[in-house]
Chemist: 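Structure incoming, see below.
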Amino acid sequence: MKSFIIHSLENEKQIIQWLQAQDKRAISHLYDAYGGALYGLILRMVQSEEVAQDLVQDTFVKVWKNGHRYDSSKGRLFTWIINIGRNTAINAIQSKAYKNSLKNQAIENLVHSNGNGSVIHELNVNKIGLQGLVNQLEEKYRIIIDLLYFQGYTQREVEQQLGIPLGTIKSRARIALRELRKAFDHNAGVWLMIAYFFDKIW
Amino acid sequence: MDEKNRILNSGLLEQYVLGLLSPKDVYLIEKHLENHPDLRQHVDALQQTMQRVLEENAIAPPPTLKDSILSEIDGLEQVKAIQEASTPPTPPRSTSWLSGLVLSLALLLAFGMYHFYQANQATASKLEALSAEHKSLQKNCNAAQAQLQAQYQFVRDPDTKHIPLRGTDLAPKALVIAYMNENNANVSIDVVDLPAAPQGKRYHLWADVDGKMLHMGDLEDASKDLQNMKFIARATSLNITLEDAGEVEEPTVSQLYVNGIV
């Protein structure tokens, strides 16, 4: 049942032990389990395969070096790894080399005047589309998750580019996450029901 | 209870999960999560949701990437291994006098090499120890700096109220400043001037809420740092009394040293 919900690590305890002993078997397993999720995120943030691969590599090396710092009482291993990756990517994006890159142009493509002085924005904001739960969100919430989380824009940047007040952005971010959680719970419930009936039939 | 609901309604937890908080706020939120296990559970549910979202949007990198990562780690491991001590060379054995001479020379050479090898190892391990110490000091420095930075930002925050608690007749010149921020439910105090607590007694901070005195924490002796206290909503005044050491249920009103209106 858990496999329908999120990818759970087999022998997670063993992996954490390896991690804390700087045993690279941890990295091999973690890459297999989470490398794709990490790459999907970073690629959307930096919009370059080469750069994204370097950043994924940097992330896993940091994970290997700092394994002893992971404290399971403070949160999930997946979250810890993803945060290292996301912060690594944000630092890369904010470096000088990126100031005039594709990324900045992408958000400008979103916004254009319709001639009457008001601003409208594109539907598919991400060059690589998003799948799954996020698409169950209303557009105004999905855009927030896309821009803030998957593309690494700051809330101020979104405010400036799209003309949405900061307070609105913050409250939409909050609602987006709550709606995602509801969709997650509903989904899990649906699978449970299907599994239940499947069981009954067979 | 109030503090917890305030945080739940503030939207800060969702901001935290989406990676939108400043380092100062991350630090403060993580403190709250330590104090409230049900907040931590709420955050975990949100993080679980984000894990699902990320996994649904996974993209497989090229197969060469994994090898590249493991190779880099191999390289780093080898560097570590080279720095670790290994066994010194052993001198050869022989019987004839020429061999004896050669042996002596070889021994001399071997001991010379050994001596320099040892010296080098000693230097290398000293260097490593210094490097480790430096890293550790730097880590401490960074941690201390991060904490000071967080406190500084907290005090500068326009939503943080500055509440002076002035001395009563017991200590007319006493002064404690409280910094209270309702948005992130944080309160810290700065003991500017308070008589030292006598042996076996401690100062306690109370919030007056509708006439009832609610405990916010006790003060560490002789601490010149900002001291973090428990946030209590709708306090109309803050009060510090001197009490006996140990658990205190109610403040001893006659032992009120400083107070101030919120």
Side-chain angles (χ1 to χ4, degrees), chain A residues 5-7 22 24 27-28 31-32 34-41 43-44 49 52-53 56-57 59-61 64-65 73-76 78-79 82-83 86-87 90 128-134 144-145 148-150 152 154-155 170-171 173-178 180-185 187, chain B residues 8-23 25-26 29-31 33-34 37 40-81 135 139 143 183:
Chain A
I5 302 174
I6 51 167
H7 186 140
Q22 256 191 356
K24 69 175 196 260
I27 303 302
S28 178
Y31 179 89
D32 290 341
Y34 300 147
L38 187 63
Y39 187 59
L41 172 66
L43 185 56
R44 287 178 171 90
E49 288 180 14
Q53 286 161 34
V56 168
Q57 177 152 340
T59 303
F60 277 107
V61 170
W64 175 76
K65 280 186 182 167
S73 71
K74 298 232 159 121
R76 350 188 109 228
F78 179 88
T79 303
I82 285 291
N83 285 344
R86 198 163 171 278
N87 289 332
I90 284 180
I128 307 165
L130 290 173
Q131 322 247 25
L133 278 184
V134 280
I144 294 294
I145 297 289
L148 292 181
Y149 193 78
F150 277 94
T154 64
Q155 293 180 103
K170 288 191 183 190
S171 95
R174 182 171 154 223
I175 295 171
L177 205 44
R178 295 214 158 166
L180 280 174
R181 179 64 193 182
K182 278 194 213 161
F184 177 96
D185 283 338
N187 247 255
Chain B
L8 271 172
N9 293 330
S10 65
L12 285 171
L13 299 180
E14 287 78 8
Q15 297 257 312
Y16 171 70
V17 169
L18 290 172
L20 301 172
L21 290 185
S22 64
D25 285 334
V26 165
I29 286 290
E30 285 180 347
K31 279 250 166 275
L33 295 181
E34 273 178 48
R40 155 128 309 222
Q41 226 178 359
H42 179 80
V43 163
D44 188 66
L46 296 177
Q47 285 173 339
Q48 188 187 32
T49 307
M50 286 313 290
Q51 179 168 352
R52 164 77 175 273
V53 167
L54 284 159
E55 285 178 346
E56 284 176 331
N57 289 285
I59 297 174
T64 48
L65 183 57
K66 184 175 180 182
D67 297 326
S68 180
I69 293 171
L70 294 175
S71 296
E72 183 175 342
I73 291 176
D74 273 337
L76 293 170
E77 278 181 332
Q78 280 173 26
V79 167
K80 265 175 72 180
K135 274 197 184 137
K139 219 170 79 172
N183 285 352

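Remember, predicted model here, so these are calculated numbers, not experimental data. Numbers restart at 1 for each chain; the letters A, B, ... are given by sequence-line order, proteins then strands.
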Chemist: Measure distances from L38(A) to the heavy atoms of chain B and classify the residue's part below 4.5 Å as side chain, backbone, both or neither.
Modeler: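 Answer is neither: L38(A) stays 4.5 Å or more from chain B.
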Chemist: Given heavy-atom pairs under 4.5 angstrom as the criterion, report whether the side chain, backbone, both or neither of A60(B) touches chain A.
Modeler: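 For A60(B), backbone heavy atoms alone lie under 4.5 Å from chain A.
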Chemist: For V17(B), which atoms come within 4.5 Å of any heavy atom of chain A: side chain, backbone, both, or neither?
Modeler: both
Chemist: Out of K170(A), R174(A), Q155(A), which residue meets the side chain to side chain donor-acceptor pair (under 3.5 Å) rule with Q15(B)?
Modeler: Q155(A)
Chemist: With sequence neighbours excluded, what pairs up with Y39(A) under the ring-ring contact (aromatic ring centres under 6.0 Å, His included) test?
Modeler: none
Chemist: Between R44(A) and N57(B), is there a donor-acceptor pair closer than 3.5 Å when you use the side chain of the first and the backbone of the second?
Modeler: yes
Chemist: Please classify the contact between Q53(A) and chain B as side chain, backbone, both or neither, with a heavy-atom cut-off of under 4.5 Å.
Modeler: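 Answer is both: backbone and side chain atoms of Q53(A) are under 4.5 Å from chain B.
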Chemist: So what's closer than 4.5 Å to chain B heavy atoms on L180(A): side chain, backbone, both or neither?
Modeler: both
Chemist: Taking NZ, NE, NH1 and NH2 as the nitrogens, is one of them in E30(B) or K74(A) under 4.0 Å from a carboxylate oxygen of the other?
Modeler: no
Chemist: Counting only heavy atoms not in E77(B) (residues, nucleotides, ligands), do more than 12 fall under 6.0 Å from its CD?
Modeler: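 Counting other residues, nucleotides and ligands, CD of E77(B) exceeds 12 neighbours.
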Chemist: Hey, does T49(B) have a side-chain heavy atom less than 4.5 Å from the side chain of D185(A)?
Modeler: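 Of all side-chain heavy-atom pairs linking T49(B) with D185(A), none is under 4.5 Å.
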Chemist: Quick check on Q22(A) against chain B: is it the side chain, the backbone, both or neither that has a heavy atom closer than 4.5 Å?
Modeler: both
Chemist: Listed by chain and number, what are the side chain to side chain donor-acceptor pair (under 3.5 Å) partners of Q57(A), not counting sequence neighbours?
Modeler: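 Listed in chain order: S68(B), E72(B).
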